[in-house]
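Throughout, residue positions are numbered sequentially from 1 according to the sequence presented.
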Amino acid sequence: MKADRINKIHELIKERQIISLDELCEIFSVSKNTIRRDIAELDAEGIIEKVYGGIVLKNSDANSPEPFAAREIRNVAEKKIVAQLAASLIHDGEVIYIDSGTTTMHLLPHLINKKQLTIVTANIYVINYAARYNNLNVIATGGYVYPPSNALVGPGVIASIKAYNFSKVFLASTGISIEHGATNASPLECEIKQRLVQKNCPNFLLVDNSKLEIASLMTYCELKNLDNIIMNAPPPEKYLTYFEKNNVRLITE
C-alpha cells in the first residue's frame, strides 16, 4: 500500500507540478506524518523538492501555478454559483477590481446590464469579455502577460492598485485554510493580492468548496483580514466558528 501511494504521489506531482501536504493527506486519507515519510523517499530519490506547505516536481519552476486551462474546466458549476452570488452585490456606478482567477472570470455574464460600472482588472479574460460592452468601462492595469494565470503582473498592476479608489475588490485564491489563510501558487500574483486586501474598501474572496483545506505555495492574507467570503455551500463548522469570531461575513446559497 505504501509503495502504491508513493507511486501515485509521483504521478500526481508530475501532472500538477506543485501540490500541498494538506491536499495529499486528503487524497490518501492519511496523516501528515505518513505523507512526510512518503515524500522523504521521493526527495531522497531526487524526484521532488520540499517547499513550505507542500512539494514541487524537481527542476520545475516552484513559482508556477497549475496551468490556467487545467483550472478553468474544474468545478465550473460551483464557480458559477459563487460568481452569481458575488455579482448580486455589484451595483450601477461602482468602481470594482476583479482579480485574476478561474472563479472571478464568471462574474462577467452577470454584469453586462450594469450601468456606468467601471472594472479595473489584470484578468485578461475579463478585459476581453467586458470590452464587448459599451456600458462597461474597462481599465486594464498594464503589466506583462503571465500565461499560467492568464493575467497581467508586475509593477504596472501595483501602480494601478495604488492609483484607483475601488468600491469593492473581488479576490480569488487557489486554496484556503484557517492555518494558512488565503493562498496562491505564484509570488508574482501574491504581492498583487496583498495590495488589494490592504485597499480601503470592502473585499470579497470568491472560492468554491474544493479550495478548503488547501495550502498553496504562498499566503497572501489571513482569513481574518477578509471582509467577506463567498462560497457555493457552507463550509465545516470550524470555519463558521472562525468567521463569527473574526467578523468575517460568509455569503453562500
Side-chain angles (χ1 to χ4, degrees), residues 18 61 63-72 74 79 82-83 86-87 89-90 94-112 114 117-133 135-176 181-208 211 216-221 225-230:
I18 180 171
D61 182 356
N63 294 336
S64 295
E66 187 181 6
F68 182 88
R71 291 182 288 120
E72 183 181 9
R74 188 179 299 135
K79 291 174 181 177
V82 173
L89 305 169
I90 299 171
E94 291 192 311
V95 179
I96 65 170
Y97 189 96
I98 299 180
D99 192 15
S100 59
T102 59
T103 303
T104 49
M105 61 185 279
H106 292 292
L107 283 167
L108 268 294
H110 305 288
L111 303 181
I112 59 176
K114 300 293 183 183
L117 180 66
T118 298
I119 300 170
V120 183
T121 189
N123 186 320
I124 293 173
Y125 177 92
V126 171
I127 293 167
N128 290 334
Y129 193 110
R132 307 174 198 169
Y133 299 93
N135 55 310
L136 299 177
N137 182 27
V138 186
I139 300 175
T141 59
Y144 60 91
V145 176
Y146 184 54
S149 296
N150 198 29
L152 302 169
V153 296
V157 184
I158 301 298
S160 289
I161 291 170
K162 289 181 178 178
Y164 293 110
N165 296 316
F166 307 127
S167 307
K168 297 180 177 84
V169 165
F170 294 89
L171 294 155
S173 173
T174 53
I176 69 168
T183 64
N184 191 267
S186 167
L188 295 171
E189 291 188 285
C190 269
E191 183 180 4
I192 293 168
K193 295 173 190 291
Q194 287 167 354
R195 299 296 182 101
L196 289 168
V197 172
Q198 293 166 7
K199 292 295 286 185
N200 188 26
C201 67
N203 57 57
F204 300 79
L205 176 64
L206 281 63
V207 285
D208 67 83
K211 306 288 180 65
S216 196
L217 185 64
M218 294 185 70
T219 296
Y220 67 82
C221 77
N225 297 135
L226 296 163
D227 300 316
N228 307 273
I229 296 180
I230 306 176

Donor-acceptor contact present, side-chain [X] to main-chain [Y], <3.5 Å:
X: K168; Y: L89; value: yes
X: D99; Y: A172; value: yes
X: T141; Y: V157; value: no
X: N184; Y: C190; value: no
X: N135; Y: I112; value: yes
X: N228; Y: N203; value: yes
X: S167; Y: E94; value: no
X: K199; Y: I161; value: yes

- Task: Supply the atom-to-atom distance I127 CD1 to I98 CD1, rounded to the nearest 0.5 angstrom.
- Result: 10.5 Å
- Determine the sole option in V95, L107, L108 for which the side-chain contact (heavy atoms from CB on, under 4.5 Å) test with I119 is passed. L108
- Item | L196 vs Y97, side chain to side chain contact (heavy atoms under 4.5 Å, CB included): CA-CA, chis, key distance, verdict | CA-CA 9 Å; L196 289 168; Y97 189 96; 3.5 Å; yes
- Query: Is a side-chain donor-acceptor pair under 3.5 Å present for S216 with T174?
  - Reply: yes
- Indicate the atoms forming the closest heavy-atom contact of C201 with F166, along with that distance. CB-O, 3.2 Å
- Message: For a side-chain hydrogen bond (donor to acceptor under 3.5 Å, both in side chains) check, start with the C-alpha distance between K211 and S173, then their side-chain angles and the critical distance, and finish with the verdict.
- Response: CA-CA 8 Å; K211 306 288 180 65; S173 173; over 6 Å; no
